[in-house]
Amino acid sequence: VNAPSTDFNFAQHLIATNANRSGKTALIDDVGRLSYGELTEQIRRFAGGLKAMGLKREERVLLLMQDSSDWVVAFLGSLYAGVVPVAVNTLLTAEDYAFMLSNSRAQAALVSGALLPTLQAAMDLVKTEVQHVVVSRPTGALTQGQFNMAEFVAQNNPVLPAQTLADEPAFWLYSSGSTGKPKGTVHSQGNLYWTAELYGKGVLALRESDVVFSAAKLFFAYGLGNALTFPLSAGASVVLMAERPTPQATFKRMVDHQPTVFYGAPTGYGGMLASPDLPKKNQVSLRLCSSAGEALPRDIGERWTQHFGCEIIDGIGSTEMLHVFLSNRPGDVRYGTTGKAVPGYEVQLRNEDGSVVTGHNEIGDLYIQGPSSALMYWNNREKTRDTFQGVWTKSGDKYTRDPDGYYTYAGRNDDMLKVSGIYVSPFEVEATLVQHPAILEAAVIGKEDTDGLTKTKAFIVLKAGQSLTQDEVKAFVKERLAPYKYPRFIEFVAELPKTATGKIQRFRLRDLERS
Ligand code: 3SK
């Protein structure tokens, strides 16, 4: 694969790649279609609008939108202008966005109408530098400083691309850890190119004739590659959906738009297989499926392939590496493993003392080397140094390698839990639980469900004389944290196992669950 040139603008690269496809459908969303020609025009006009608002190269804009053509235009239009979109999870709270607005010093916000009230609540919580808000598909009247995105695109003149560099900070994604605030992960223009070439083309072999659909949303690194950078690099068409990827919503797109490539996460595949509405093989056109977010249990992969006759390519990536670096291959799938290093990346398993694991089936910490690693965590030297160690990036995952060279997931080396493909910090959930006036102490661990997928379980000690139901506990967490962080299992206990110094022994709770 050729490296991008030193002067490189990824949005301009996509425009040039698809210059001969102006009449072809690029995007199909909940309200309509956009051809490659229309997409190019909208990107150029959106960039013109940002410039007209006074936004300068490298200034940040918060991108808080549901999946739609507007998300793609806002992201690529910003890159095209050299302005840095900070793409954020749409499922968070106003407090989370308040932090992100001030941490990124965003000068503008690009938001879906449905999410505008939450953005406004965030802007009421902190002093931000936001001067302008561009609203996609507004649901009510707009006020001073707010622009309807459709008018914004129509009324501004197209401009030429910013002369950005391949190594220049281009966009951010937030990555969460077990403690502390999320970290602004700064990626370059070139990183988008590398992931599309090495994984989208190199492993998934996406084609111009493909129609792709991703249950993982665009604000996740996984979804961004799946439904934007990979298909648009191949001249394919993309189906985008604003709503939650329930089995019904997903089946509807599979049947209505006949995607040939589907990307999901194990929880989603498990839910679809258990649904009475699962379409028959001849109702869909799937040729390839992809999974990431958490390890795909063998049984789910086998049942899916048996039903649809189509493999699920399971891989692992990270926000820090931008996309998948370890993966199965079409035609070479070993369910239960994460496959081998994606060509262009190198992986290493290390012992606790830093030496390289040489034996088979021994557990080691996974490190990755490859061209798409992030530049840094914004304003966080300590965590940057800990994760980005020269050419190697620490993943935080533990793996084993078998004699045939296939890697198998063996857990995390921090306390993070991956629930339905999204990181959840057990400490954050515990800290919220103990805010309840009836709760004395709480400990949160990961527990496998019957599909072998990790869910959160809370052990709770109530204060003397207090009572609480499981539903009350769940509702309490959902009101205070992003709702997906609520514990799925709850057990009320008389006491928690502790060390002599009073530290909660979570490993004992985990052992108890396994026995
Ligand atoms: O969770 C993953 O495996 C993943 C895959 C691709 C990009 C980003 C992530 C976190």
Side-chain angles (χ1 to χ4, degrees), residues 10 62-65 67 71-72 74-76 78-79 84-92 100 104 169-177 182-200 202-204 206 212 214-233 238 240 245 263-266 268 290-295 313-327 338 342 344-345 366 368 370-378 383-384 387-388 393-397 412 416 418-424 484:
F10 184 75
L62 191 86
L63 171 50
L64 170 58
M65 279 191 196
D67 279 17
W71 200 108
V72 179
F75 184 80
L76 292 177
S78 302
L79 292 188
V84 175
V86 178
V88 297
N89 186 333
T90 54
L91 307 171
L92 302 179
M100 290 167 177
S104 65
F171 67 102
W172 300 12
L173 300 170
Y174 274 98
S175 165
S176 39
K183 305 176 287 287
T185 311
V186 182
H187 277 286
S188 67
Q189 297 270 351
N191 288 356
L192 295 162
Y193 168 86
W194 281 116
T195 53
E197 294 298 313
L198 296 177
Y199 197 63
V203 171
L204 300 179
L206 290 189
V212 314
S214 173
K217 300 293 182 189
L218 289 164
F219 60 75
F220 290 120
Y222 180 50
L224 179 65
N226 297 346
L228 198 162
T229 62
F230 297 1
L232 299 188
S233 296
V238 185
L240 297 165
Y263 312 84
S290 144
S291 180
E294 55 190 320
I313 309 303
D314 186 26
I316 182 176
S318 67
T319 304
E320 287 73 8
M321 293 305 295
L322 191 55
H323 215 275
V324 170
F325 46 77
L326 188 61
S327 178
T338 319
V342 169
Y345 294 86
L366 183 72
I368 312 110
S372 62
S373 64
L375 302 172
M376 63 173 151
Y377 293 131
W378 180 250
K383 292 206 164 127
T384 297
T387 298
F388 304 102
T393 299
K394 181 167 96 175
S395 79
D397 298 293
R412 292 279 307 166
M416 292 301 277
K418 266 235 170 142
V419 183
S420 306
I422 317 182
Y423 281 114
V424 175
Y484 65 84

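Residues take their numbers from the sequence shown, with the count starting at 1. Both backbone and side-chain heavy atoms feed into the values below; hydrogens, waters and symmetry mates do not.
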Undergrad: Within this structure, what is the CG-NZ distance for the pair Leu224 and Lys217, rounded to the nearest 0.5 Å?
TA: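 The CG atom of Leu224 sits 14.0 Å away from the NZ atom of Lys217.
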
Undergrad: Can you tell me how far CG of Leu218 sits from CH2 of Trp71, rounded to the nearest 0.5 angstrom?
TA: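 Those atoms lie 5.0 Å apart.
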
Undergrad: Okay, side chain of Gln189, backbone of Ala170: is any donor-acceptor separation there less than 3.5 Å?
TA: no

Undergrad: Within the distance-only criterion (no hydrogens, no angle test), does the side chain of Asn191 pair as donor or acceptor with the backbone N or O of Ser373 below 3.5 angstrom?
TA: yes

Undergrad: As a quick check of understanding, evaluate side chain to side chain contact (heavy atoms under 4.5 Å, CB included) for Val419 and Tyr484, giving each step before the final call.
TA: CA-CA 8 Å; Val419 183; Tyr484 65 84; over 6 Å; no

Undergrad: Are any side-chain N or O atoms of Tyr222 and backbone N or O atoms of Gly264, one a donor and one an acceptor, separated by less than 3.5 Å?
TA: yes

Undergrad: Nearest 0.5 Å, please: how far is CD in Glu197 from CZ in Phe230?
TA: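 These two atoms lie 10.0 Å from each other.
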
Undergrad: Run the side chain to side chain contact (heavy atoms under 4.5 Å, CB included) test on Leu76 and Leu228 for me, step by step, so that the C-alpha distance in whole Å, both residues' side-chain angles and the decisive distance to 0.1 Å come before the verdict.
TA: CA-CA 10 Å; Leu76 292 177; Leu228 198 162; 4.0 Å; yes

Undergrad: Checking Leu173 against Leu322 for the side chain to side chain contact (heavy atoms under 4.5 Å, CB included) test, could you report, in this order, the C-alpha distance in whole Å, the side-chain angles of both residues, the deciding distance, and whether it holds?
TA: CA-CA 9 Å; Leu173 300 170; Leu322 191 55; 4.1 Å; yes

Undergrad: Under 3.5 Å, is there a donor-acceptor pair between the side chain of Asp67 and the main chain of Leu240?
TA: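 Side chain of Asp67 to backbone of Leu240, a donor-acceptor pair under 3.5 Å: no, none is there.
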
Undergrad: Any side-chain to backbone donor/acceptor pair from Thr90 onto Met65? Under 3.5 Å, distance only.
TA: no

Undergrad: Answer yes or no: is there a donor N or O on one side and an acceptor on the other, between the side chain of Lys418 and the main chain of Gly293, under 3.5 Å?
TA: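 Yes.
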
Undergrad: Do side-chain atoms of His187 reach the backbone of Thr319 as a donor and acceptor pair under 3.5 angstrom?
TA: yes

Undergrad: Are the side chains of Leu92 and Met100 in touch, meaning some heavy atoms are under 4.5 Å apart?
TA: yes

Undergrad: I'd like to check Thr229 versus Phe10 (side-chain heavy atoms, cut-off strictly below 4.5 Å). Are they in contact?
TA: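 A side-chain contact under 4.5 Å exists here.
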
Undergrad: Below 30° counts as parallel, above 60° as perpendicular, anything between as tilted: where do the rings of Trp172 and Trp378 land?
TA: tilted

Undergrad: For the atom pair CD1 (Ile368) and OG (Ser318), what is the distance rounded to the nearest 0.5 Å?
TA: 5.5 Å

Undergrad: Would you say the side chains of Ser327 and Tyr199 form a donor-acceptor pair under 3.5 Å?
TA: yes

Undergrad: Between the side chain of Ser395 and the main-chain N/O of Leu366, is any donor-acceptor distance below 3.5 Å?
TA: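 Yes, because the side chain of Ser395 sits within donor-acceptor range (under 3.5 Å) of the backbone of Leu366.
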
Undergrad: If we only count heavy atoms from C-beta on, is the Leu198 to Tyr345 side-chain gap below 4.5 Å?
TA: yes

Undergrad: When you measure from the centre of the six-membered ring of Tyr377, is the NZ or CZ of Lys183 closer than 6.0 Å and no more than 45° off the axis?
TA: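 The answer is yes; both the distance and angle limits are met.
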
Undergrad: With under 30° as parallel and over 60° as perpendicular, where do the rings of Phe75 and Phe171 fit, or are they tilted in between?
TA: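 Perpendicular.
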
Undergrad: How far apart are the closest heavy atoms of Pro245 and Ala215, and which atoms are they?
TA: CG-O, 3.5 Å

Undergrad: Distance check, rounded to the nearest 0.5 Å: Ser233 atom OG versus Leu206 atom CG?
TA: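 Between Ser233 OG and Leu206 CG, I get 9.0 Å after rounding to 0.5 Å.
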
Undergrad: Is it true that a side-chain atom of Thr195 and a backbone atom of Leu192 form a donor plus acceptor pair closer than 3.5 Å?
TA: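 Yes: the side chain of Thr195 pairs with the backbone of Leu192.
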
Undergrad: Please lay out, stage by stage, how Val72 and Leu232 fare under the test side chain to side chain contact (heavy atoms under 4.5 Å, CB included).
TA: CA-CA 10 Å; Val72 179; Leu232 299 188; 4.2 Å; yes

Undergrad: What I'd like to find out is whether the side chain of Tyr423 reaches to under 4.5 Å of the side chain of Ser175, using heavy atoms alone.
TA: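 Counting from C-beta outward, Tyr423 and Ser175 never come under 4.5 Å.
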
Undergrad: Hey, could you give me the OG1/CD distance between Thr387 and Glu320, rounded to the nearest 0.5 Å?
TA: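 Between atom OG1 of Thr387 and atom CD of Glu320 there are 6.0 Å.
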
